[in-house]
Structure formats: structure tokens, C-alpha cells
Amino acid sequence: MTGEAGKAVTPGALHGVRILDFTHALAGPYATMILSDLGADVLKVENPGGGDRTRRFTTNHDEVDFSPYFGSVNRGKQSLLLDLKSPSGRALAHRLVQKADVVVQNMGPGVAERLGLGYEELSAMNSRLIYAMVTGYGREGSWVSKRGVDPAIQALSGSMSITGEKGRPPVRVGYSIVDLAGGVYLAMGILAALQERERSGKGQLLDISLLEAQMALMENAFVRYLDSGEIPERMGSSHTYEVLTRAYPTMDGWMVVGITARNWPIACKLWGREEWASGIDMETCSLGEKTALIPRIESVLKQKTTAEWVDSLDPAGVPCIPVNTIAEAAELPPVKERNFIQETIDANGRRLRIVGSPIRLSRTPGTVRSAAPLLGQHTRSALSEWLGMNEDEFAGLEKQGIFRQVPRQLKGFW
């Protein structure tokens with residue numbers, strides 16, 4: 001098996017699994033990216049009006065239909081351009097479904113059904129099919145017709161209410177954590193369904209709600225409320241139970257210091273404030289007393305640089321680490337030594353550096369197998385591989401216009 005530039009690629013753990021991917025934006029593509037890295041054959045079906053809209057998420061408008069956003073989560077996939085609104089396009093999609101192990105979609109409410117791609121219809125064609133979908137609020141219930149996007153669900157789930165500094169406005173997590181949570185749970189569910197199919201021989205429906213995925217990540221905040229009635233609030237960078245473990249400003253930046261009852265006397269000695277350790281018992285003092293210490297600790301830590309504090313505190317058993325920028329994180333020794341940042345080159349020669357797969361199986365590791373595809377790049381080759389389609393049949397379908405690009409459609413998916 002070979003990848004880009006003829007490099008040998010070890011078949012992944014999911015080698016031989018065929019995934020028909022009708023996803024766009026982030027949650028769905030992130031899930032199928034995980035599965036592609038693990039060796040699955042992912043065929044991304046894109047609409048003729050410009051494909052996945054994230055192809056245009058770029059500030060460099062000289063690059064047509066290329067963006068780092070799209071490239072980062074669609075690596076290793078093949079792209080099939082197909083007009084699903086035409087009868088011939090739908091018929092071809094149904095033929096592909098019969099060859100697929102998994103169908104994944106994150107279309108808007110009711111869209112898949114209108115296109116003839118609903119669960120009931122497709123499972124009747126392929127009893128072994130795993131049909132995986134991710135929506136804002138789930139397949140059932142009074143909110144089934146509502147669209148759910150990352151910022152909205154960060155707000156609705158309570159995530160924003162506990163993110164940010166106390167007394168300041170609520171803050172969105174600095175990346176699309178809802179979509180990524182949905183993608184991870186979607187991939188995990190697909191893997192479980194594939195394993196179960198080995199026993200039963202049957203496919204099934206996987207229904208992932210972005211709201212539920214986000215709330216599942218927030219399990220500690222919810223269990224605190226559900227157990228005690230206490231409503232968690234914003235605490236800035238403080239740990240829920242060890243409030244002095246937080247980010248502090250230094251002379252030249254910020255660092256996180258892990259302060260506990262055990263290392264409190266050590267920290268006080270290194271700060272030159274032994275009297276704090278003798279005057280305050282971390283095991284018995286109140287939350288308010290601990291919180292009142294924060295400005296006093298900040299005033300001490302501002303007297304030296306981050307590096308100076310790390311060099312003195314960390315070896316003594318007081319965890320201390322810089323708050324890195326993204327650029328600094330990319331240069332960390334474990335990142336570079338394990339080659340976690342990799343480079344892809346697409347069919348047009350465009351290079352893109354991306355983070356790799358964190359799933360490091362010893363024999364079948366997760367691997368970036370190729371760059372993200374150009375729009376419709378694999379239309380002909382994928383139909384030959386999946387369906388055994390010959391040139392004459394392809395030419396006949398091509399004349400019907402089901403593979404032809406049309407002016408970009410900025411609204412909706414299909």
C-alpha cells in the first residue's frame with residue numbers, strides 16, 4: 001500500500017472498511033478523518049455547488065477551493081462530486097451504499113430523507129450497514145428540527161457559564177470543542193458498531209447529539225450540580241477543587257502552578273514567604289481564604305520570569321509550566337521527537353502542515369495517508385474501485401450532468 005509520493009503506508013487497523021461520507025463542516029469530517037487515519041477507505045461525497053463549504057474558509061482568496069481548515073480534517077479521503085438532487089445521482093448513491101460498511105451524515109434536519117438517504121431507506125438496501133449521524137439535538141424529540149452549531153451549544157450546554165473569569169462575561173472555549181466532541185463520540189460509536197456487527201452480522205443506527213456530547217465532556221460540572229444542587233460558576237483558570245492551582249502572571253508571561261496542601265510549604269519557602277505556610281493550613285482553610293491568597297501569590301510571582309520560577313519550583317515538587325502560545329506548543333520536544341506535526345502535499349502541489357493522529361497502535365498506527373482531496377478528484381477512480389464502473393458507463397452518466405460543477409451554492413449542504 002502506498003501513500004503520497006509513493007511512500008509505503010502500513011495498512012491501518014480499519015483497512016478494508018468502506019465509509020461513504022456525506023458530512024461537511026467539522027463534526028462529521030473530524031470523525032471520518034479519525035477513521036481514515038486508522039486505515040478506512042473514506043469516500044467523501046460533495047455537492048456540485050462547490051463541495052464542502054469549508055473549502056472556502058480561508059483569508060487567502062487567491063487559493064480557489066483550498067483552505068487549511070478543510071485540509072486539516074479531510075486528509076486521507078477521496079472526493080466524489082455528485083448531484084444528489086438528480087434521480088441518476090441518487091441512484092448512483094444507492095449503488096454505493098450497497099458496497100459501504102458505514103454511511104455518515106450530518107445534514108440539516110430532514111435533508112437526508114428528502115435526498116433518499118434516510119436510515120430506513122438505506123438500511124433496507126444493506127442490512128449490514130452502519131448508519132451514523134450527528135445532529136444538534138438528536139434524531140428524536142421536540143428539538144429534532146432545530147439546527148445546532150458549536151457556539152450555540154456551548155451556550156446552551158452551560159459550558160460558557162463556567163468558562164472565563166469570575167465576575168466577567170461568559171466566554172466560548174477557544175476552539176470548536178462541541179463539534180470535536182461530537183466527532184470523537186461519532187467515531188467511537190462507529191468503531192463499537194463495527195465490532196458488534198462481527199457478532200450479529202447486522203448493521204444499526206448511530207445517533208449522536210452534539211448537545212449530549214458536550215454535556216458528557218462536562219460530567220464533573222453536572223454531577224456536582226445533580227448531587228448537591230450547587231451550580232458551578234466561572235473560576236478562570238482555577239482547578240475546581242484546588243483553586244490555587246491556576247495560571248499566574250510572571251515578569252514576562254504566564255505560567256500554571258499546581259498548589260496543593262502537600263507542596264504548599266515548599267512553595268512558600270521558595271517564594272520567600274514561609275510565614276504563609278505557618279499561618280494557613282491548606283487542609284482546613286476555607287475556599288474564601290484560599291481565594292484571598294491569589295492576589296498575594298500573583299504579586300510574588302511577578303517578581304521573576306516564567307523560566308526562573310519553572311527552574312526553582314518544578315524540581316522541588318511544585319508543578320509549574322509555562323502557558324504556551326500555539327507557536328510555542330508546536331516546538332515542544334515531545335511534539336517534535338514523535339513527529340506529531342506532519343506535512344501533506346495535494347495534487348496541485350500545495351503543502352499544508354497539520355497535526356497527526358494521536359492514536360499510536362504498535363502494529364497499525366494511525367497515519368496521515370494523504371492530503372485532503374481536490375473537489376471531485378476521485379470521482380472516476382472511486383466509481384471504478386467501488387462499483388467496477390467502466391469508461392462507457394461513466395461517460396453515459398457524465399452526459400447526464402451528475403458530476404458537473406455548478407456555480408457555488410452558499411446556502412445549505414445540498
Side-chain angles (χ1 to χ4, degrees), residues 157-168 170-171 173-175 177 181 214-326 328-329 331-335 358:
S157 66
S159 174
M160 287 177 64
S161 77
I162 59 173
T163 305
E165 296 289 340
K166 187 176 180 63
R168 301 291 299 276
V171 175
V173 175
Y175 58 96
I177 189 170
Q214 178 65 6
M215 291 174 66
L217 289 188
M218 298 165 59
E219 54 81 28
N220 182 265
F222 276 97
V223 77
R224 285 165 55 201
Y225 164 69
L226 295 170
D227 179 62
S228 68
E230 172 193 355
I231 301 176
E233 298 179 348
R234 291 185 289 285
M235 298 179 63
S237 60
S238 288
H239 186 277
T240 304
Y241 299 108
E242 298 284 359
V243 295
L244 295 184
T245 295
R246 58 176 288 127
Y248 294 94
T250 65
M251 182 182 290
D252 64 346
W254 288 80
M255 66 180 182
V256 169
V257 184
I259 301 172
T260 65
R262 177 178 296 179
N263 65 32
W264 172 242
I266 301 170
C268 291
K269 182 178 180 179
L270 292 170
W271 294 336
R273 298 293 189 276
E274 289 92 338
E275 71 276 9
W276 290 358
S278 59
I280 300 172
D281 184 350
M282 280 292 153
E283 293 283 7
T284 60
C285 71
S286 67
L287 177 62
E289 289 175 302
K290 291 180 180 178
T291 303
L293 285 168
I294 292 173
R296 296 162 68 181
I297 296 172
E298 287 180 343
S299 67
V300 172
L301 296 181
K302 287 179 180 178
Q303 296 172 18
K304 292 184 180 181
T305 66
T306 297
E308 288 173 321
W309 284 123
V310 170
D311 288 344
S312 64
L313 290 170
D314 197 59
V318 182
C320 181
I321 206 79
V323 175
N324 279 338
T325 64
I326 299 298
E328 290 165 336
E331 298 301 318
L332 288 171
V335 173

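A quick note: this is a predicted structure, and the numbers were derived from the prediction, not measured.
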Closest heavy-atom pair, L270 versus A316, reported as atoms and distance to 0.1 Å, is CD1-CB, 3.6 Å
| said: Are there over 12 heavy-atom neighbours, none belonging to L226, within less than 6.0 Å of that residue's CG? | reply: yes
Residues at least two apart in sequence or cross-chain that pass salt bridge (Lys or Arg N to Asp or Glu O under 4.0 Å) with E331, listed by chain then number, are K336
Exercise for the section: Verify the neighbour count for atom CD1 of I231: are there more than 12 heavy atoms of other residues, nucleotides or ligands below 6.0 Å? Expected result: no
On a heavy-atom basis, the closest approach of P249 and K302 is CG-CE, 3.5 Å
Are there more than 12 heavy atoms of other residues, nucleotides or ligands under 6.0 Å from atom OH of Y175?
-> no
What one should report as the nearest heavy-atom pair of P265 and A261 is CD-O, 3.7 Å
Taken to the nearest 0.5 Å, the spacing of S278 OG from D281 CG works out to 11.0 Å
Practice task
For the residue pair W276 and W264, categorise the inter-ring angle as parallel (less than 30°), tilted (30 to 60°) or perpendicular (more than 60°).
Solution key: parallel
Side chain of N263, backbone of T260: donor and acceptor closer than 3.5 Å?
yes
Is the shortest side-chain heavy-atom distance between V318 and W271 below 4.5 Å?
no
Separation between CD1 (I280) and CG (L293), nearest 0.5 Å, reads 4.0 Å
For E233, I'd like to know if atom CD has over 12 heavy atoms of other residues, nucleotides or ligands within 6.0 Å.
no
Residues A292 and R296: closest non-hydrogen pair is O-CD, 4.0 Å
Separation between CZ (R246) and CD1 (I297), nearest 0.5 Å, reads 9.0 Å
**Message:** Could you check whether any side-chain heavy atom of P322 comes within less than 4.5 Å of a side-chain heavy atom of V310, counting everything from C-beta outward?
**Reply:** yes
Here the pair of heavy atoms bringing K304 nearest to E308 is CB-OE1, 3.3 Å
To the nearest 0.5 Å, atom OG of S161 lies from atom CZ of R234 at 7.0 Å
Across all chains, not counting sequence neighbours, the salt bridge (Lys or Arg N to Asp or Glu O under 4.0 Å) partners of E219 are none
Is any side-chain heavy atom of M282 less than 4.5 Å from a side-chain heavy atom of K290? yes
In short, M218 meets S159 closest at the heavy-atom pair CE-N, 3.5 Å
Here the gap from C268 atom SG to I259 atom CD1, rounded to the nearest 0.5 Å, amounts to 8.0 Å
Taken in chain and number order and not counting sequence neighbours, the residues that satisfy side-chain contact (heavy atoms from CB on, under 4.5 Å) with M255 are T250, V257, L301, T306, W309, L313, C320
**Request:** Would you indicate whether R262, at its atom CZ, is surrounded by more than 12 heavy atoms from other residues, nucleotides or ligands within a distance under 6.0 Å?
**Result:** no
- prompt: Within a reach of under 6.0 Å around CD of E283, are more than 12 heavy atoms found that belong to other residues, nucleotides or ligands?
  reply: no
Value for CD (E274) from NZ (K269), rounded to nearest 0.5 Å, stands at 7.0 Å
